[in-house]
Engineer: 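Sharing a structure here in structure tokens format.
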Amino acid sequence: MSDVATTARGPSYGDVARAAERIRGAAHRTPVLTSRTADARTGGRLFFKAENLQRAGAFKFRGAYNAIAALPEDARRRGVIAYSSGNHAQAIALAARLLGVPATIVMPLDAPAMKVAATRDYGAEIVTYDRYTQDREALGRAIAAERSLSLIPPYDHPDVIAGQGTLALELIEETGPLDILVTCLGGGGQLAGCALAAAELMPRARVYGVEPEAGNDGQRSFREGRIVRIPVPQTIADGAQTTHLGDHTFPIIARHVTDVLTVSDAQLVETMRFFAERMKLVVEPTGCLAAASVLGGLLDVRDLQVGIVISGGNVDLASFARLIAG
């Protein structure tokens, strides 16, 4: 039977603060970047939290390391298992290697090749599945039970949520209170963790999550007041091809988030191009979700201080070149 690091209760800001201490020295304190061009285009003062420069190339390392480090010693010896299209996979694989823990990762057959290669290079065992015909959650639970591994899902886990919240804590420490915080949204780990930090440290701020318009389960869930499940969405934002929010993430989002917005794949490509040309950053499509909503004018940010999460930079260079070439 698999172990979990915390009880079934939802995480609190105290868990975010403890996660910050736990990951200190392991996770990078990523830079907060600005752009005069972005400010001029939007009329706001924008602060980009560059998690594309995080270890393993995405914010996911924070939650992965926190969750594994919080496990009891006997659970660590047996090992961990996770399912992921790429960024959580790499994060778990790297965090497990750093902590001396065996890792097994369930990855879709069509996961980006560079993410699969990186996960394998970090030392994890990879089990593949078809994301359109197989249930990764059921597969992960089955392997965890069979091998007595600790299952660490990509977003619906208290220690993962708390770890992701540390990025907002760092951002606020650097910028001071913001008027608006905008994060990417897949299963809700990043948005939920950041919302916990924002509610504690800048309770008057508005918090938004942004997901692909082809996969608007989060928006529908938020507006309908229940978890809505959808088929696997067809979008270039592979890190947000989730089908539903989680039992832990949804209540936090419902309580602390202002709204959930959506952007098109075309807007993501345009934002990738902006980051490459104007800020000299390689950002994957999923990592552009939050920025695309602000640069695309979905929010009026004139004369406001705005924090924007760039969630990751793990994109195959051939695909990146093809997309931004237009």
Side-chain angles (χ1 to χ4, degrees), residues 13 16-17 19-20 27-54 58-63 161-186 188-211 218 240 249 252-253 255-261 263 267-268 271 274-275 278-279 281 283-284 286-313:
Y13 173 73
V16 176
H28 293 326
R29 187 180 178 96
T30 53
V32 177
L33 307 177
T34 59
S35 164
R36 290 184 181 180
T37 302
D39 290 354
R41 179 184 297 186
T42 62
R45 179 64 167 149
L46 310 187
F47 299 94
F48 298 92
K49 181 63 168 167
E51 286 294 291
N52 57 312
L53 304 179
Q54 185 53 262
F59 77 100
K60 293 282 192 178
F61 180 78
R62 297 172 179 273
I161 294 168
Q164 317 309 25
T166 63
L167 75 88
L169 187 156
E170 291 178 6
L171 173 62
I172 297 163
E173 286 177 345
E174 186 155 338
T175 64
L178 300 162
D179 298 301
I180 293 176
L181 175 63
V182 190
T183 85
C184 307
L185 174 59
Q190 178 186 143
L191 178 57
C194 289
L196 287 173
E200 177 72 20
L201 301 175
M202 48 182 197
R204 295 184 180 181
R206 287 179 280 154
V207 179
Y208 295 88
V210 186
E211 62 188 347
T249 61
I252 298 170
I253 291 169
R255 186 165 63 250
H256 294 301
V257 170
T258 304
D259 201 2
V260 175
L261 311 174
V263 295
Q267 288 173 297
L268 294 179
T271 305
F274 171 84
F275 280 133
R278 297 293 184 170
M279 298 181 69
L281 295 174
V283 183
E284 64 185 284
T286 308
C288 293
L289 285 164
S293 71
V294 178
L295 296 175
L298 297 185
L299 291 171
D300 183 356
V301 299
R302 287 172 294 178
D303 302 317
L304 299 178
Q305 304 269 105
V306 184
I308 297 173
V309 180
I310 302 174
S311 65

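Since the structure is predicted, the reported quantities are computational estimates derived from the model, not experimental observations.
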Engineer: Using the test side-chain hydrogen bond (donor to acceptor under 3.5 Å, both in side chains), find all partners of Arg41 that sit at least two apart in sequence or belong to another chain.
Structural biologist: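 For Arg41, no residue satisfies side-chain hydrogen bond (donor to acceptor under 3.5 Å, both in side chains) once neighbours in sequence are set aside.
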Engineer: Please list, chain by chain and in numerical order, all residues satisfying side-chain contact (heavy atoms from CB on, under 4.5 Å) with Ile253, sequence neighbours excluded.
Structural biologist: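 Ile253 satisfies side-chain contact (heavy atoms from CB on, under 4.5 Å) with Leu185, Leu191, Ala192, Phe222, Leu245, Thr249, Val257 once adjacent residues are dropped.
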Engineer: Would you say that Thr183 contacts Ser311 through its side chain, given a criterion of any heavy-atom pair below 4.5 Å between the two side chains?
Structural biologist: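 No, side chains not in contact.
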Engineer: With sequence neighbours excluded, tell me which residues meet salt bridge (Lys or Arg N to Asp or Glu O under 4.0 Å) with Arg29.
Structural biologist: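 Listed in chain order: Glu173.
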Engineer: List the atom pairs, with distances to 0.1 Å, where a side-chain N or O of residues 175-182 and a protein N or O form a donor-acceptor pair under 3.5 Å, not counting sequence neighbours.
Structural biologist:
unit_1	atom_1	unit_2	atom_2	d
Thr175	OG1	Leu171	O	3.0
Asp179	OD2	Gln305	N	2.7

Engineer: Can you sort out the partners of Glu170 under side-chain hydrogen bond (donor to acceptor under 3.5 Å, both in side chains), two or more places apart, ordered by chain and number?
Structural biologist: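 If we apply the side-chain hydrogen bond (donor to acceptor under 3.5 Å, both in side chains) test to Glu170, skipping adjacent residues, the hits are Lys49, Arg62.
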Engineer: Ala50: what forms a side-chain contact (heavy atoms from CB on, under 4.5 Å) with it, not counting sequence neighbours?
Structural biologist: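 For Ala50, the residues satisfying side-chain contact (heavy atoms from CB on, under 4.5 Å) (neighbours in sequence not counted) are Pro31, Leu33, Asn52, Leu53.
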Engineer: I'd like to check the side-chain contact (heavy atoms from CB on, under 4.5 Å) partners of Ala38; sequence neighbours left out, ordered by chain and number.
Structural biologist: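 By the side-chain contact (heavy atoms from CB on, under 4.5 Å) rule, Ala38 matches Ser35, Leu46, Phe48, Phe274, Leu295.
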Engineer: By side-chain hydrogen bond (donor to acceptor under 3.5 Å, both in side chains), which residues pair with Arg302, not counting sequence neighbours?
Structural biologist: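 Once residues adjacent in sequence are excluded, the partners of Arg302 under the side-chain hydrogen bond (donor to acceptor under 3.5 Å, both in side chains) criterion are Asp300.
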Engineer: Can you list the residues that meet the salt bridge (Lys or Arg N to Asp or Glu O under 4.0 Å) rule with Glu284, with sequence neighbours excluded?
Structural biologist: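 Scan of Glu284 (salt bridge (Lys or Arg N to Asp or Glu O under 4.0 Å), adjacent residues dropped) gives Lys115.
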Engineer: Which heavy atom in Ala168 sits nearest to a heavy atom in Ala197, and how many Å separate them?
Structural biologist: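 Heavy-atom minimum between the residues: CB-CB, 3.9 Å.
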Engineer: Distance-only criterion, 3.5 Å: show the donor-acceptor pairs between side-chain atoms of residues 202-209 and protein atoms not counting sequence neighbours.
Structural biologist:
unit_1	atom_1	unit_2	atom_2	d
Arg206	NH1	Tyr208	OH	3.0

Engineer: Do you know which two heavy atoms are closest between Thr166 and Ala20, and how far apart they sit?
Structural biologist: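 It is CG2-N, 3.5 Å.
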Engineer: Determine, stepwise, if the pair Lys60 / Gln164 fulfils side-chain contact (heavy atoms from CB on, under 4.5 Å).
Structural biologist: CA-CA 7 Å; Lys60 293 282 192 178; Gln164 317 309 25; 4.0 Å; yes
Engineer: Side chains of Leu298 and Val263: does their closest heavy-atom pair fall under 4.5 Å?
Structural biologist: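 A side-chain contact exists here, since the closest heavy-atom pair is under 4.5 Å.
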Engineer: Under the side-chain contact (heavy atoms from CB on, under 4.5 Å) rule, collect the residues that match up with Glu174, sequence neighbours excluded.
Structural biologist: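 Expected list: Val32.
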Engineer: So, using side-chain hydrogen bond (donor to acceptor under 3.5 Å, both in side chains) as the criterion, who are the partners of Arg278 when residues are at least two apart?
Structural biologist: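 Listed in chain order: nothing, the list is empty.
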